[in-house]
Amino acid sequence: QAKLVESGGGSVQPGGSLRLSCVASGYTCMGWFRQGPGKELEGVASIDSTDGVSSYADSVKGRFTISQDNAKSTVYLEMNSLKPEDSAMYYCTADPGRCFPYGLGVSFKSTDFRVWGQGTQVTVGS
C-alpha cells in the first residue's frame, strides 16, 4: 500500500516548467524515479534528510532540483527546461535508510527505495 502522495504532474510545452510534490514523513532518503513509454524505470534525483545532500541523473542535471520542506513533510522536484524526452510517469520514492552516494557514481536502483507512490504523469509536447 502506497504511503506517498504525489501531485503536480500535467502537460507542458518544451522549455516549460513543472513542480512535483510528494507528501511523506518519517523517511530519511527521498527520491524520484520516472518511466517513459517503452523505457526502463530511471532514477532521477534523491535527497538525504540527514545532511540535505542531493544527487541527480546526468539526464536532468542543471535542469531539475530536488528539495524538501520538513515542516510540511513534503519533497519537491522542480523541473525546468523540460524536453519531450522528459515525458514519463514520475514516482516519488522513500526509504528509512540513508541515501546511497549516487552523486559519487553509484547508480540509482529501484530496490534502494522500499516505499513508492502511485505516480503522476508529466507530458512535454507542443
Practice task
State the OG-CD1 distance between Ser67 and Ile47, to the nearest 0.5 angstrom.
Solution key: 6.5 Å
Problem - Backbone of Lys72 reached by a side-chain donor or acceptor of Thr74 within 3.5 Å - result: yes
Practice task
Check Ala88 against Arg34 and note the closest heavy-atom contact, atom names and distance.
Solution key: CB-CB, 3.8 Å
Handout entry: Chi angles and distances behind the side-chain contact (heavy atoms from CB on, under 4.5 Å) call for Ser46, Phe108
Key = CA-CA 9 Å; Ser46 68; Phe108 287 99; 3.7 Å; yes
Exercise for the section: Drop me the distance from Gln35's CD to Ser87's OG, to the nearest 0.5 angstrom. Expected result: 13.5 Å
Practice task
Please round to the nearest 0.5 Å and tell me the distance separating atom OG of Ser55 and atom CG of Leu104.
Solution key: 7.0 Å
Exercise for the section: Provide the full list of ring-ring contact (aromatic ring centres under 6.0 Å, His included) pairs with a residue in residues 53-97, sequence neighbours left out, each pair given once. Expected result: none
Exercise for the section: Examine distances only and state if a side-chain atom of Asn70 and a backbone atom of Ser73 form a donor-acceptor pair shorter than 3.5 Å. Expected result: no
Completion exercise
CG (Leu77) and CE (Met30) are apart, to the nearest 0.5 Å, by 11.5 Å
When the side chains of residues 4-20 are checked against the rest of the protein, which donor-acceptor pairs come out under 3.5 Å, sequence neighbours left out?
from: Glu6; atom 1: OE1; to: Gln118; atom 2: N; distance (Å): 3.1
from: Glu6; atom 1: OE1; to: Gly119; atom 2: N; distance (Å): 3.0
from: Glu6; atom 1: OE2; to: Cys92; atom 2: N; distance (Å): 2.9
from: Glu6; atom 1: OE2; to: Gly119; atom 2: N; distance (Å): 3.1
from: Ser17; atom 1: OG; to: Asn80; atom 2: OD1; distance (Å): 2.8

Exercise for the section: Flag the pair Thr28 / Asp48 as yes when at least one side-chain heavy-atom distance between them is below 4.5 Å, and no otherwise. Expected result: yes
Practice task
Determine yes or no for a side-chain-to-main-chain donor-acceptor pair under 3.5 angstrom, with Arg63 supplying the side chain and Ser81 the backbone.
Solution key: yes
Practice task
Name all pairs fulfilling the ring-ring contact (aromatic ring centres under 6.0 Å, His included) condition that reach into residues 16-55, sequence neighbours left out, sorted by first residue then second.
Solution key: Phe33-Phe113, Phe33-Trp116
Practice task
Look at the side-chain heavy atoms of Ile, Leu, Val, Met, Phe, Trp and Tyr, link any pair under 4.5 Å apart, and say whether Met89 and Leu41 land in one connected group.
Solution key: yes
Exercise for the section: Tell me yes or no: between the side chains of Ser49 and Gln68, is some donor less than 3.5 Å from an acceptor? Expected result: no
Exercise for the section: Mind checking the NZ-CG spacing from Lys83 to Asp86? Nearest 0.5 Å is all I need. Expected result: 7.0 Å
